[in-house]
Amino acid sequence: MKRIRIASAVTAGILLLVTAACFSMRPSHGGGQGVKFTGPRRVQPSDVALPDGYRIEAVASGLTFPTGVAFDDSGTPYVVESGYSYGERWTTPRLVRVEPGGRVAVVATGGRNGPWNGVAYGHGAFWVAEGGELEGGRILRISRDGKIDRVVEGLPSLGDHHTDGPAIGSDGWIYFGQGTATNSAVVGEDNAKFGWLPRHPEFHDIPCKDVTLAGRNYESSDPVHPGGAKVRTGAYSPFGTPTAAGAVVRGKVPCNGAILRVRQEGGAPELVAWGFRNPFGLAFAPDGTLYVAENGYDDRGSRPVHGAADVIWAVKPGAWYGWPDFSAGRRLDEGDSFDPPGKPKPEPVLSPEPGQPPQPVAALGVHSSSNGIDFSRSEGFGHRGELFVAQFGDMAPNAGKTLNPVGYRVKRLNVETGISDDFATNRGPVAGPASRIGNGGLERPVAVRFDPAGTALYVVDFGVMTMGPQGPAPQPETGVLWRITRTGRASR
Amino acid sequence: MILEKNGRRKRAERIAILSAALLLAGLFVLVGCGSARRSEPIAGPFHAATPEIERGQRAFMQYCNPCHTGGEASFAPALNNKPAPGFLIKLQVRAGLGAMPRFPQSVISPRELDNIVAYLKAIRHHKPKAGEVHG
């Protein structure tokens with residue numbers, strides 16, 4: 001008996017040590033890492049696993065960086081192509097109509113100010129979030145014959161994250177997300193890798209309301225002046241500008257990390273809620289509540305944060321959701337959950353905090369890039385009242401290390417219980433993008449939307465984006481629009 | 001002479017115990033670092049057989065899911081196919097080692113942890129459907 005106890009104790013100790021060391025010992029294996037894509041993309045619906053009673057088909061392929069889908073009054077699908085991708089790849093933003101047979105017809109084209117991040121249809125027009133990497137973010141109104149009007153412009157979108165959404169509220173307003181300039185409020189070398197810091201060295205995050213700084217500053221090399229001295233940078237400040245404890249940064253609208261809204265005829269945008277990092281996906285629930293999918297922190301830059309979930313929130317008007325000092329309702333310096341291995345703990349940059357953030361509806365995979373969302377509204381599809389989430393997939397190692405690919409699928413979430421499960425995922429022994437697995441399934445789902453009848457779920461698949469030594473390598477003409485329908489009785 | 005014999009025997013026993021432990025631990029690591037797909041498209045819907053397992057699933061989603069998504073190999077190692085006993089799971093959650101953070105009782109209560117362990121044990125037996133390739 002004594003021997004068994006000794007063996008158990010030794011085994012337990014060794015097991016704990018080696019399991020815990022698993023993360024540290026193994027290199028990063030993100031879904032885009034080490035993938036050599038030569039094209040063309042293979043599209044094979046049978047390589048996608050779905051719950052019993054559903055089928056998937058490709059509606060259109062050969063799209064370049066698609067990010068959203070919407071339907072006109074007749075139920076015809078339209079897709080927006082981004083025109084810009086991480087990796088500093090510039091193409092032409094487009095709104096295209098998807099004809100029967102998968103051919104696309106161009107409705108409108110934009111200039112060199114992508115990415116166009118999502119589209120909604122309502123009030124007889126299309127509403128597009130123009131990311132604004134070069135000229136600042138905009139909300140565009142595009143008529144069905146292709147005429148483009150700027151409903152709002154000058155949004156602070158020159159940084160890491162852009163203008164996202166949009167969604168049309170029952171009040172008739174256009175709701176949209178505005179992402180932050182940085183990972184965690186401090187401009188650093190990582191922003192030079194994104195490409196924007198040399199273009200806009202003065203750019204930084206803008207709070208929506210007055211905030212008081214804790215006076216923490218972060219030292220880094222100066223990629224704007226290579227070979228120069230090290231610089232110190234504080235939160236909500238331009239690169240190389242330190243801050244003092246007690247300094248107040250004046251808030252204003254438009255601001256970063258916020259849900260904003262604007263009237264369809266235009267005018268000044270209004271603040272709905274703030275303290276988000278990158279509120280990419282917006283959708284109204286059948287009861288009228290606004291939900292948002294937020295991309296969590298990365299383990300990068302001057303103030304890296306480890307192990308931060310992507311989050312689904314129910315939006316309470318006026319509330320502060322915690323960025324840059326909380327993740328999913330928890331303080332970044334609470335315990336050791338967010339401590340990057342081998343790097344300093346992310347101490348708060350605000351003092352006092354603007355408030356106590358709400359608790360999330362659900363916490364999804366770290367680095368999963370949970371983006372576009374939509375609610376099922378019909379028993380014709382099933383899962384009525386549940387939220388579907390498109391997960392773009394990790395951007396390791398740039399966003400941080402991951403042991404295995406994360407995301408690259410469509411999730412289904414019960415917003416009452418917080419329980420999520422896969423809905424569409426590639427077959428195979430491990431999850432990941434088709435280009436890594438070597439099949440013809442999903443690459444990077446970035447948006448989901450039910451058709452007006454509610455019986456078909458359309459999935460916008462951005463296409464292939466590998467992660468190489470130079471960072472993201474997006475591949476044009478690899479995007480796909482998928483459609484999932486019910487074929488019979490679902491398994492529940 | 002007798003003392004020397006006893007010493008050799010004890011040394012041999014210790015080596016045997018350590019070898020067995022290392023072998024077992026190595027096996028766990030091989031399994032634990034691999035895949036363990038259990039989601040609905042791969043394995044069919046999961047039905048919690050008891051209220052404890054159902055509560056455990058909710059608690060898992062809240063605390064564990066971000067890093068061990070669906071219990072599969074993801075940001076962190078897989079859990080679904082790791083045959084760790086309950087006390088070890090609890091020890092790992094409470095102590096936190098390596099990159100795994102600690103979850104004290106103020107964050108995950110003892111009852112919640114019991115429920116999580118019950119869920120993890122149940123999901124192990126929820127195996128992929130026939131024809132689905134799995135790890």
Side-chain angles (χ1 to χ4, degrees), chain A residues 3 6-8 10-24 26 48-52 296 306-310 328 334-339 341 362-368 394 402-406 409 412 417-425 427-431 491-492, chain B residues 13-14 16-18 20-22 24-26 28-29 32-35 37 39-42 44-47 54 57-58 60-63 65-70 72-78 82 84-85 87-88 91-92 95-104 106-107 129 132-135:
Chain A
R3 286 178 201 168
I6 293 170
S8 299
V10 173
T11 305
I14 293 171
L15 175 63
L16 278 176
L17 282 172
V18 291
T19 303
C22 197
F23 191 92
S24 306
R26 294 179 58 191
V48 182
L50 299 165
D52 291 344
H306 178 75
D310 280 6
E334 171 190 311
D336 56 359
S337 291
F338 304 109
D339 296 1
L364 303 177
V366 174
H367 300 321
S368 60
D394 68 80
T402 179
L403 289 187
N404 304 279
V406 186
R409 68 192 78 184
R412 174 177 61 78
T417 64
I419 293 173
S420 60
D421 198 354
D422 291 352
F423 187 75
T425 183
R427 298 185 192 282
V430 292
S491 53
R492 68 169 67 184
Chain B
E13 277 179 4
R14 278 199 294 269
I17 289 169
L18 194 61
L22 281 169
L24 199 56
F28 282 175
V29 170
C33 286
S35 173
R37 306 196 71 185
S39 69
E40 185 178 356
I42 302 294
F46 174 78
H47 300 292
E54 188 178 354
Q57 187 180 19
R58 288 192 190 202
F60 177 90
M61 290 292 160
Q62 185 176 354
Y63 302 114
N65 191 58
C67 295
H68 303 277
T69 306
E72 290 185 3
S74 48
F75 174 70
K82 186 179 289 177
F87 80 94
L88 270 184
L91 188 60
Q92 174 77 64
L97 282 168
M100 167 95 180
R102 289 183 298 275
F103 289 88
S106 59
V107 177
K129 294 181 279 193
E132 292 294 351
V133 180
H134 61 282

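Chain A is the first sequence line, chain B the second, and so forth, proteins listed ahead of strands; every chain is numbered from 1.
- Pairing each heavy atom of P51(A) with each of E40(B), the nearest pair is CB-OE2, 3.4 Å.
- Atoms CG and CE, from D421(A) and M61(B) in turn, are 6.5 Å apart once rounded to the nearest 0.5 Å.
- The nearest pair of heavy atoms linking N404(A) to A73(B) is ND2-CB, 3.4 Å.
- Neither the backbone nor the side chain of A362(A) has a heavy atom closer than 4.5 Å to any heavy atom of chain B.
- Note that CG of D394(A) and OG of S74(B) are 10.5 Å apart. Values are rounded to the nearest 0.5 Å.
- Contacts of V406(A) with chain B are made by side-chain atoms alone, with heavy-atom separations under 4.5 Å and no backbone atom involved.
- A search for side-chain hydrogen bond (donor to acceptor under 3.5 Å, both in side chains) contacts involving S39(B) returns D422(A), not counting sequence neighbours.
- Judged by distance alone, the side chain of D336(A) and the main-chain N or O of R102(B) form a donor-acceptor pair under 3.5 Å.
- Ring geometry for F75(B) versus H306(A): interplanar angle of 30 to 60°, hence tilted.
- Within the 4.5 Å cutoff, no side-chain heavy atoms of T69(B) are placed close to those of S368(A).
- Taking all atoms of both residues into account, the shortest heavy-atom contact from P66(B) to A363(A) is CG-CB, 3.7 Å.
- F423(A) touches chain B through its backbone: at least one of N, CA, C or O sits under 4.5 Å from a heavy atom, while the side chain does not.
- Taking chain B as the reference chain and counting heavy-atom pairs below 4.5 Å, the highest number among A424(A), S420(A), G418(A), G335(A) is found for S420(A).
- How far OG1 of T417(A) is from CD of Q57(B): 7.5 Å, rounded to the nearest 0.5 Å.
- Of the two parts of F103(B), only the side chain, counted from C-beta on, holds a non-hydrogen atom closer than 4.5 Å to a non-hydrogen atom of chain A.
- With a threshold of 4.5 angstrom between heavy atoms, I419(A) approaches chain B through its backbone and through its side chain.
- Closest of all the heavy-atom pairs between R427(A) and R37(B) is C-NH1, 4.0 Å.
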